[in-house]
Amino acid sequence: MADFDPVTKAVVPAAGLGTRFLPATKATPKEMLPIVDKPAIQYVVEEAVSAGLLDVLMVTGRNKRSIEDHFDVAYELEDALRAKGDEERLNQVKEPVDLATMHYVRQGEPKGLGHAVLCAKQHVGHEPFACLLGDDIIDPRDPLLKRMIEVRATYGGSVVALMEVPREQVSLYGAAAIEATDEDDVVRVTDLVEKPPADEAPSNWAIIGRYVIDPAVFDVLERTPPGRGGEIQLTDALRTLASMGPEEGGPVHGVLFRGRRYDTGNKLEYLQTVVQFAANRDDLAPEFLPWLREFLDKAGQ
Ligand code: UTP
């Protein structure tokens with residue numbers, strides 16, 4: 001087996017405008033919207049850490065200061081909780097600070113996900129890196145990123161996460177043309193299209209917000225013109241990498257993910273996520289679920 005550089009860094013793009021969630025996201029980043037009592041982005045950083053990535057670079061922009069504050073020490077709050085002897089809440093407040101070594105870079109203008117990833121070039125250097133979208137949560141019971149890192153260690157190049165979606169939804173994602181490998185959950189990606197019309201999609205396998213990317217992507221992104229929506233698309237750069245040989249930064253593989261994923265960037269799925277997370281919480285479910293049942297019974301009348 002070839003010896004590929006290990007993955008040690010995570011890049012979390014969180015500089016988008018979040019227009020699907022306005023007006024809530026006018027002054028608050030969508031990544032900070034709470035899933036019960038924790039901001040979505042904390043789950044994402046926890047996922048990177050549990051895959052062994054302790055160096056996290058957040059790509060932020062205007063109105064995103066609260067993200068930095070969330071992962072930083074809050075002296076006044078900690079002092080107040082300490083004075084009250086409220087150890088439990090004190091620990092909750094300190095938890096995000098001790099998770100990982102956080103770094104920040106700003107994307108001056110939200111010119112697309114590909115451009116956000118390009119902002120990580122200097123920090124990442126010549127190593128492969130993981131990229132986790134700040135509004136996409138993967139259930140911690142269904143580890144995906146660890147598997148993607150293993151696949152990179154076997155095949156080199158880049159690895160995308162693919163999830164099967166109904167054909168009518170494929171236009172909301174990037175879709176992949178795939179070929180089988182000897183492993184059940186791994187495919188070779190031969191082509192990628194960003195948000196294709198349903199009848200032009202190469203398959204029902206959609207790209208979700210987890211990537212392990214070869215550093216060759218930076219050169220490719222620098223040469224990638226704005227694509228769909230006038231934005232520099234990461235999918236377009238990965239498409240180029242998929243056509244390249246191993247010496248140039250290819251190939252691209254996909255891990256077929258059949259676990260639970262929550263997209264917190266749109267209103268409906270956000271609501272569904274909050275309900276599901278609340279239903280799994282020992283401290284809330286005993287009261288929340290009977291209430292929800294009663295609410296639905298009444299609403300059904
Ligand atoms: P989205 O398209 O879901 O985010 O990008 P958005 O643009 O904020 O959302 P809407 O469509 O306006 O509601 C996927 C991820 O890429 C980041 C976003 O923050 C999100 O995590 N992103 C997107 C950037 O960091 N920079 C960009 O220029 C665009």
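Order of listing sets the numbers, starting from 1, for every ligand and every atom in it.
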Inset, instruction - Is it possible for you to say whether Leu53 and Met148 belong to one hydrophobic cluster, with membership spreading through side-chain heavy-atom contacts below 4.5 Å? - result: yes
Legend entry - Nearest atoms (heavy-atom pairs only) where Pro286 meets Arg281: CD-O, 4.2 Å
Inset, instruction - Say whether Thr264 and Glu269, considering side chains only, have a donor N or O and an acceptor N or O under 3.5 Å apart. - result: no
Legend entry - Residues lining ligand 1 [heavy-atom distance under 4.0 Å, listed by chain and residue number]: Pro13, Ala14, Ala15, Gly16, Leu17, Gly18, Thr19, Arg20, Lys30, Glu31, Gln107, Pro110, Lys111, Gly112, Leu113, Ala116, Leu133, Gly134, Asp135
Legend entry - Partners passing side-chain contact (heavy atoms from CB on, under 4.5 Å) against Leu17 (at least two apart in sequence or in another chain): Thr19, Pro110
Inset, instruction - Classify the ring geometry between His123 and His103 as parallel (under 30°), tilted (30 to 60°) or perpendicular (over 60°). - result: tilted
Legend entry - No-hydrogen, no-angle side-chain donor-acceptor test under 3.5 Å, Asp136 and Tyr262: no
